[in-house]
Number of protein chains: 2
Amino acid sequence: MKNIPEKSKYHHGDLRTTLLTVAGEMLKEGGIEELSLRKLAARVGVSRTAPYHHFKDKNALLCGIAESGFRQLHQMNKRSFNAEGPSTKEKFSSFIHEYVNFAKANPDLYELMFGRTIWKQENSTSELRDAAYPCFQYQVAMTREWQQLKLLNHSGEESALRASQVLWGTVHGIAKLLIDGIYTDVAHVEEICDYAVDMFLVH
Amino acid sequence: MKNIPEKSKYHHGDLRTTLLTVAGEMLKEGGIEELSLRKLAARVGVSRTAPYHHFKDKNALLCGIAESGFRQLHQMNKRSFNAEGPSTKEKFSSFIHEYVNFAKANPDLYELMFGRTIWKQENSTSELRDAAYPCFQYQVAMTREWQQLKLLNHSGEESALRASQVLWGTVHGIAKLLIDGIYTDVAHVEEICDYAVDMFLVH
DNA sequence: GACTAAATATGACGGTGTCAAGATTGATTA
DNA sequence: TAATCAATCTTGACACCGTCATATTTAGTC
């Protein structure tokens, strides 16, 4: 007689996380433009304004979803980079492939994470920034190591930050072009990634 | 007594191009989310549904704006690539810089041109595709030349398409990260671009 | 058991895209 | 010139949307 969430209770109990979960599902199903607060509330079985007691805004809810996305991405990078078996070169290749495949697997989430909606002006929540920045910084750290091991093609003074911005730009750009289906076919993801790896490695 | 568009005429005369122009202005001023058909119509001085006789959709209007964007971009690339003075290396560098600076100068237009809104599903107009594809193909052609001149760092079999997708991904990614203000500062555009050029050139 | 604060609900407002139906006009044709 | 017609524009209406102000219900606390 413990878990009986069947009867319609006035207080939902854990509306915040439920909203985040269901919103994530809706995002996956129908994209960002199918995600409205009203539909979300209806699906959860709650009034339209109930979410406003857990999220200041629609924007805040979106930030919440993106937040978990960044944590996923961060963890993925960490796991990959700290793997025992593969060589550094292989890890570099893994980073490129995994990043792009993450975007390919969760196109709408990725779009949300890096879209204008969330980041423009001062729209981003401080919690979002707290989740995203460590993720960014980890990419710089990885790049620094690749640089120190003389893996990356480059002449002149090295900068981990700049190299990271370029590398990140590349995977980000490939991901977005893929997602939006602009002159790049999803069928060739691996080929494109391999080619990118080859262009960055020193020969 | 020729140009007297002062008196309120029932027929506007050239509403289609006026809509495109003014919509472009509004896009530049307040971004995509400030651009509503109703506001646009009001600003042009016409009823809310008048635009529907010139554009099937709001989407069709957006495609129209993006269209001119692609023509601009295409022309910019052509002019730069066919310049007489600079060396091939310098032209390669110019391409990177100019592309990113185009995006930086017209952030909302760029966002629209490559955003999901326009390209997802079958949203894109055939006219838009007719303007965009030649632009894409020109990038492949440029890349092919750079490859043949052994400018780009790479081992293994060469593919102009793949290299172009990676290069384009890079500039696209840098542009988007800059526009969205994600871990990259607009003040460092040139530095980042220079670094990208250096990473791609063979040494 | 009374009180308070949190959680939820209802009603309302202004905004959006877009459809249907009517009004106006410029061009064509007889 | 007069009549017709299609293009163009307007008005009205609808279904959404996010969000605020206000009222209601409930859980937890003293």
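Within every chain, numbering begins at 1; the chains are lettered A, B, ... in the order of the sequence lines, protein sequences first and strands thereafter.
- Here the straight-line distance linking atom CG of Leu201(B) with atom CH2 of Trp146(B) works out to 10.0 Å at 0.5 Å rounding.
- For Thr49(A) and dT19(D), the shortest distance from a side-chain N or O to OP1 or OP2 is not below 4.0 Å.
- With rounding to whole Å, Leu61(B) atom CG is found 10 Å from dT18(C) atom P.
- One can place CZ of Arg16(B) at 13 Å from P of dC9(D), the figure rounded to the nearest angstrom.
- In terms of position along DNA chain D, the nucleotide closest to Leu15(B) lies nearer the 5' end than the nucleotide closest to the other residue of the pair Leu15(B) and Arg48(B).
- If you find the closest nucleotide of DNA chain D to Lys39(A) and to Arg38(B), the one lying nearer the 5' end belongs to Arg38(B).
- For Lys58(B) and dC19(C), the NZ to C1' distance is 17 Å, given to the nearest whole Å.
- Between Leu19(B) atom CG and dC9(D) atom P the separation is 9 Å, expressed in whole Å.
- Taking the six-membered ring where the residue is Trp, Phe92(A) and Phe200(A) present perpendicular rings, their angle passing 60° and hence far from 30°.
- For the pair Asp14(B) CG and dG26(C) C1', the computed distance is 15 Å after rounding to whole Å.
- Between the side chains of Tyr133(B) and His74(B), no donor-acceptor pair is found at a separation under 3.5 Å.
- Taking the six-membered ring where tryptophan is involved, the planes of His154(B) and Tyr195(A) are essentially parallel, since the angle between them stays under 30° and well short of 60°.
- The distance from atom CG of Leu37(A) to atom C1' of dT19(D) is 9 Å, rounded to the nearest whole Å.
- We find that NZ of Lys56(B) is positioned 20 Å from C1' of dT8(D), with the value rounded to whole Å.
- Residue His54(A) places none of its side-chain N or O atoms closer than 4.0 Å to OP1 or OP2 of dA6(C).
- In terms of position on DNA chain C, the residue among His53(B) and Asn59(B) whose nearest nucleotide sits closer to the 5' end is Asn59(B).
- The side chain of Tyr52(A) sits closest to dT19(D) out of dA13(D), dC9(D), dT19(D).
- Phe81(A) carries Lys91(A) over the face of its six-membered ring, with the cationic atom under 6.0 Å from the centre and within 45° of the normal.
- If you take CD of Glu34(B) and P of dG17(C), they are 12 Å apart, rounded to a whole angstrom.
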